[in-house]
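First the structure, in the form of C-alpha cells, and then the observations on it.
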2 protein chains.
Amino acid sequence: MKHSLVRDTIVETASNLFYQKGYNLTGINEIIREAGVAKATLYSHFKSKEDLCLAYLEFKNTTFLKEIKSFTSKAPKGKKQVLALFDFLKSFFKDKDFNGCWCINTISEIPKDNEKIRKEIKKEKYQLITFIEELVASNFPKLTKKKIPTLAKKIYLLYESAIAESHLHQDPWAIDSAKELCDLILPK
Amino acid sequence: MKHSLVRDTIVETASNLFYQKGYNLTGINEIIREAGVAKATLYSHFKSKEDLCLAYLEFKNTTFLKEIKSFTSKAPKGKKQVLALFDFLKSFFKDKDFNGCWCINTISEIPKDNEKIRKEIKKEKYQLITFIEELVASNFPKLTKKKIPTLAKKIYLLYESAIAESHLHQDPWAIDSAKELCDLILPK
DNA sequence: ATTAATGAACAGACAGGTCTGTCTTTATTT
DNA sequence: AAATAAAGACAGACCTGTCTGTTCATTAAT
C-alpha cells in the first residue's frame with residue numbers, strides 16, 4: 001500500500017476506535033489489528049499514541065467542518081440557515097455511531113497538563129465559533145459588526161450544550177430546546 | 001478508625017483523585033496510598049472500582065446540590081435568584097480544583113454500555129433540572145405550571161454549556177455569556 | 001535486460017511498566 | 001480472644017513502545 005494511504009488508514013481506524021471506545025480504553029494493538037498494519041509501521045508514522053490522538057482530533061474536525069458547512073449552505077438563506085446548525089446536529093445524533101463531541105470526550109481523558117492536546121482542541125472550537133460568526137454575518141447583513149461575535153458565541157454555547165446533553169441523556173430533546181432558544185435570540 | 005469513617009475517607013479521597021485526574025488515570029493503589037488505607041479494606045467497602053465510581057458520583061452530587069441550593073437561597077428573590085446559578089458557577093470556576101462537570105467527564109471515560117453509571121448520571125442531572133424548576137417556580141409565581149419545565153430545561157442547557165465551556169477554554173467568558181442569555185429568557 | 005540496492009510494510013517477540021482484584025500475614029483495637 | 005485494619009506479595013491481564021528479521025515492490029546500476 002502506498003505510504004500516504006497507510007497513514008490515512010491508520011488515522012481513520014484509530015479515529016473510529018477512539019471516538020467509539022474512548023482514547024484510554026483503545027489500545028495500540030487493537031488499532032493495528034483493525035487497520036491491518038504492523039506495529040512498527042504505525043510507529044514509523046506516529047511517534048507516540050499522543051501523536052495519533054492529535055491526528056484523530058484533526059481528522060474529525062476537518063471532516064466535521066466540511067460537513068456542517070455543506071449542510072448549512074443548502075438551507076434557505078436567513079434565519080433558517082443559522083438554525084440549520086441544529087438540524088445538522090439532529091441528523092448527526094441519529095447516526096448509530098454518535099458519541100457526543102470528541103473534543104469534550106478527549107479533554108476528559110487526558111491529564112490536565114497536556115498542553116498540546118488542549119491547545120489543539122481550543123483551536124478547533126475557535127474554528128467552529130468563527131464559522132458561526134460567518135454564518136450569522138452572511139445571513140443577517142444588517143447586524144452591526146460589533147454584535148456578531150457576541151451573538152455567535154451564544155449560538156456556539158447552545159450548540160455545545162445540545163451535543164453534550166443529547167449524548168448524555170441519549171435523547172434529542174436538548175437539540176430541540178437549544179434550537180428554540182437560538183430562534184429566540186436571532187434578530188427577526 | 002470507625003467503620004463508616006473509613007468508608008467516608010475512601011470516598012472523599014477517591015473523589016478528589018477521580019475528579020482531578022480522571023477515572024481511568026487514577027489507580028486503586030494511588031487511592032489507598034492517599035487515603036492511608038489497605039487495599040483489602042477498600043475492597044471490603046466496595047466490591048469493585050466501578051462501585052467506587054458510583055460512590056464518587058453520589059458524593060459529588062450530594063455536596064454540589066447542597067451548596068448550590070444554599071448559595072442561591074441567599075440571593076435576593078426574583079430574577080436575581082435564578083441568575084445566581086451562574087454566580088455560583090463562577091465561584092466554582094475560580095476554585096483551583098475546578099475541573100468541569102464530573103458527570104460529563106465520567107461519561108467520556110466509561111464504555112458506552114455501562115448502564116449502571118449512565119443511569120446514575122442521568123438521575124443526577126434530572127435532580128439538577130428539578131431544582132431549577134423549583135427555583136424558577138418559586139421566583140416567578142405568575143408563570144403557568146406548563147411553562148416551567150420548558151424554561152427550566154433551557155436554563156439547564158445554559159448552565160451545562162457554561163460549565164463545560166469555561167472548563168474547556170479555561171476562561172469564564174462562557175459563564176458570563178450564558179448568564180446574559182438566561183437573563184434574556186426569564187420573564188421580566 | 002538482469003541484477004543489486006533501497007525503502008516500506010509485515011509479523012510478532014520482548015521489555016518494562018501499569019492495572020485490578022485476591023490473598024496471606026502481621027499488627028492493632030475493642 | 002475476636003474482629004478489624006494494615007501492609008504488601010501475588011496472579012494474570014493489559015498497556016506502550018522497541019527491536020529483529022522477513023517479504024515485496026520499486027528504482028538504480030551494470
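Naming convention: chains lettered A, B, ... in sequence-line order (proteins, then strands); numbering from 1 in each chain.
Using cut-offs of 30° and 60° for the angle between ring planes, the B/F71 and B/F88 rings count as perpendicular.
In this structure the side chain of B/K39 reaches within 4.5 angstrom of the side chain of B/N29, judged on heavy atoms. Inter-residue side-chain proximity for A/V37 and A/I31 is flagged as unmet; no heavy-atom pair is nearer than 4.5 Å.
Using modelled atom types and a 3.5 Å distance limit, the side chains of A/S70 and A/K74 yield a donor-acceptor pair.
Across the protein-nucleic acid pair, B/L42 atom CG and D/dT4 atom C1' stand 15 Å apart, rounded to whole Å. In this structure, CZ of B/R33 is placed 13 Å from P of D/dA7, rounded to the nearest angstrom.
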Nucleotide N/O of nucleotides 15-22 of chain C paired with protein N/O under 3.5 Å:
unit_1, atom_1, unit_2, atom_2, d
C/dT20, OP1, B/K49, NZ, 2.9
C/dT20, OP2, B/I28, N, 2.7
C/dG21, OP2, B/Y43, OH, 2.8
C/dG21, OP2, B/K49, N, 2.9
C/dG21, N7, B/K39, NZ, 3.2
C/dG21, O6, B/K39, NZ, 2.6

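Seen from the ring of A/Y156, A/K125 does not count as a face-on cation partner, given the 6.0 Å and 45° thresholds.
Checking the phosphate oxygens (OP1, OP2) of C/dA9, a side-chain nitrogen or oxygen of A/H45 falls inside 4.0 Å.
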